[in-house]
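Given the structure is predicted, the values throughout are model-derived calculations rather than measurements. Just so it is clear, the values below take in all heavy atoms, side chains as well, and ignore hydrogens, waters and symmetry mates.
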Amino acid sequence: MTKSKSSSHHNSKFRSNPKAASTNKYEIRSKIQTPSDLNAIQSLLSAAKLKLTQGRPGEAANDLAQAESLAPKDAKIQLLLGNAYHFAGNIPAASRCYQEAVTLDPDNATALNNLAYTLTAFNRHQDAAELLFRAVSIRPDYATAHINLAAAYKYIFRHIGSLTHYLKGVELAPQNASGYQGVASELSHLSDYAEVLSYGDRALALSPNDADIWENRLYTLSYHPDLSAGEIYGEFERWGNRYAEPVVDYSKHDRTVGRRLRIGYVS
């Protein structure tokens with residue numbers, strides 16, 4: 001997956017799934033003996049969900065930690081707590097909560113997807129792929145999990161599998177720009193550059209201001225065997241006109257003529 005720097009893209013690969021995360025009071029009743037505890041949990045969950053929608057994940061995490069103390073073995077509370085930590089930027093804590101949610105509810109596709117996505121932050125793409133394969137097996141219509149599985153496969157060089165799941169993802173979610181860009185990227189590995197252009201253009205049409213989509217599209221165009229240098233330059237010129245400010249500031253680099261350059265590769 002092309003890692004995006006934007007928080008909006010980041011959250012697009014991660015789903016809180018309110019339906020899956022909602023807590024059934026009758027399930028809690030079987031674990032909690034007192035009505036006061038039950039009422040406290042419901043109040044804490046309601047407050048936490050509201051704070052998550054308001055962009056206050058740290059406060060939501062505090063509420064959910066209190067709910068967890070009253071119902072420590074509730075998978076849905078663990079899932080919500082993981083979401084709160086995730087949105088607060090505490091990926092290790094989020095991953096631990098998702099792992100607990102999966103342990104308590106192994107068939108929770110949302111927990112599997114979210115756990116997998118946190119594992120990619122630690123470059124555990126093979127482990128993430130295995131979890132995501134379970135998620136799409138449980139919920140074949142889970143578009144986000146298909147796209148995340150495609151991205152995980154890409155990182156472990158399973159390009160045919162990656163392309164298959166990107167295509168399934170955009171079939172299920174035809175407005176997902178990153179899915180189309182993923183298709184384009186995988187097609188470039190398979191040298192089908194006419195299709196690369198087709199899917200790259202569809203991604204750009206859905207998200208015309210996404211710098212990552214532009215950059216990936218330009219990269220794949222540079223390898224297109226049927227485009228002239230002028231056509232490729234024209235696309236780079238479009239990029240330059242849209243993003244005039246350089247992403248990296250090279251102005252402070254040492255430009256001493258004749259200085260030794262440190263160039264090397266590591267493996």
task: Give, for atom CG of N108 and atom CZ of R139, the distance between the pair rounded to the nearest 0.5 Å.
output: 8.5 Å

statement: dist D210:CG -> L204:CG (nearest 0.5 Å) comes out at 8.5 Å

- request: Drop me the distance from T118's OG1 to L131's CG, to the nearest 0.5 angstrom.
  value: 8.5 Å

message: side-chain hydrogen bond (donor to acceptor under 3.5 Å, both in side chains) for N209 and R242? Distances and angles first, verdict last.
response: CA-CA 9 Å; N209 296 315; R242 181 178 286 268; 2.6 Å; yes

- request: Classify the ring geometry between H86 and Y117 as parallel (under 30°), tilted (30 to 60°) or perpendicular (over 60°).
  value: tilted

- request: May I ask you to decide if Q99's main-chain N or O and T103's side chain share a donor-acceptor pair within less than 3.5 Å?
  value: yes

- request: Considering non-hydrogen atoms only, spot the tightest contact between Y166 and S178 and give its length.
  value: CE2-O, 4.4 Å

- request: Decide side-chain hydrogen bond (donor to acceptor under 3.5 Å, both in side chains) for N83 and Y98; before the verdict, give the C-alpha distance in whole Å, the side-chain angles of both, and the deciding distance to 0.1 Å.
  value: CA-CA 8 Å; N83 294 347; Y98 294 142; 2.8 Å; yes

message: With heavy-atom distances below 4.5 Å as the criterion, would you say the side chains of T110 and Y142 are in contact?
response: yes

message: Closer than 3.5 angstrom, by distance alone: can the side chain of E231 be matched with the main-chain N or O of S228 as a donor-acceptor pair?
response: yes

- prompt: With the 4.5 Å side-chain cut-off for hydrophobic clustering, are I160 and V183 part of the same group?
  reply: yes

task: For A177 and S207, work out which heavy atoms get closest and say how close.
output: CB-CB, 3.7 Å

- request: Measure the shortest side-chain to side-chain distance between E68 and L64 over non-hydrogen atoms and say whether it is less than 4.5 angstrom.
  value: no

query: Can you say whether the rings of H146 and H165 are parallel (under 30°), tilted (30 to 60°) or perpendicular (over 60°)?
result: parallel

task: Please tell me if the side chains of Y85 and C97 come closer than 4.5 Å, counting only heavy atoms from C-beta onward.
output: yes

task: Kindly give the heavy-atom pair with the smallest separation between L187 and Y199, and that separation in Å.
output: CD1-CD1, 3.7 Å

- request: Decide yes or no for R134 and V102: does some side-chain heavy atom of the first lie under 4.5 Å from some side-chain heavy atom of the second?
  value: yes

- prompt: Same cluster or not: are I156 and V136 linked, directly or through other Ile, Leu, Val, Met, Phe, Trp or Tyr residues, by side-chain heavy atoms under 4.5 angstrom apart?
  reply: yes

- request: Taking the side chain as every heavy atom from C-beta outward, state whether S185 and K154 have any pair of such atoms under 4.5 Å apart.
  value: yes

- request: Go through R202 and Q181 one step at a time and tell me if the side-chain contact (heavy atoms from CB on, under 4.5 Å) criterion holds.
  value: CA-CA 8 Å; R202 289 162 80 175; Q181 183 55 46; over 6 Å; no

From CG (L119) to CD (E130), nearest 0.5 Å: 10.5 Å

query: Within 45° of the axis and under 6.0 Å from the centre of the six-membered ring of F122, does NZ or CZ of R124 qualify?
result: no

task: Could you pull out the closest heavy-atom pair between A84 and L52, with the gap in Å?
output: CA-CD2, 3.8 Å

query: Once you round to the nearest 0.5 Å, how far does OG1 of T120 lie from CG of L115?
result: 10.0 Å

task: Could you tell me which non-hydrogen atom of D105 sits nearest to which non-hydrogen atom of A75, and how far apart they are?
output: CB-CB, 3.7 Å

field: Non-hydrogen atoms of L132 and A152 that approach each other most closely
entry: CD1-CB, 4.3 Å

- prompt: Crowded around Y233 OH? As in, over 12 foreign heavy atoms under 6.0 Å?
  reply: no

- prompt: Can L104 be reached from I77 by stepping across I, L, V, M, F, W or Y side chains whose heavy atoms are under 4.5 Å apart?
  reply: no

- request: Report the C-alpha distance between W214 and F236 in whole Å, list the side-chain angles of each, state the deciding distance to 0.1 Å, and finish with yes or no for side-chain contact (heavy atoms from CB on, under 4.5 Å).
  value: CA-CA 9 Å; W214 273 89; F236 275 87; over 6 Å; no

4.5 Å side-chain heavy-atom contact, T144 and I147: no

task: Kindly work out whether a path of hydrophobic side-chain contacts (I/L/V/M/F/W/Y, heavy atoms less than 4.5 Å apart) joins F133 to I138.
output: no

- prompt: Is the side chain of S46 donor-acceptor paired with the backbone N or O of Q42 at a distance under 3.5 Å, no angle test?
  reply: yes

- request: Using side-chain hydrogen bond (donor to acceptor under 3.5 Å, both in side chains) as the criterion, point out the one residue from R56, K51, K49 that pairs with D63.
  value: K51

message: Determine whether E186 and Y153 satisfy the following criterion, side-chain contact (heavy atoms from CB on, under 4.5 Å), listing intermediate values before the conclusion.
response: CA-CA 10 Å; E186 288 310 291; Y153 277 158; over 6 Å; no

message: Let me confirm one number: the OH-CD distance from Y180 to Q175, rounded to the nearest 0.5 Å.
response: 7.0 Å

- prompt: Should L167 and L172 be regarded as members of a common hydrophobic cluster, given that ILVMFWY residues are connected when their side-chain heavy atoms come within less than 4.5 Å of each other, either directly or indirectly?
  reply: no

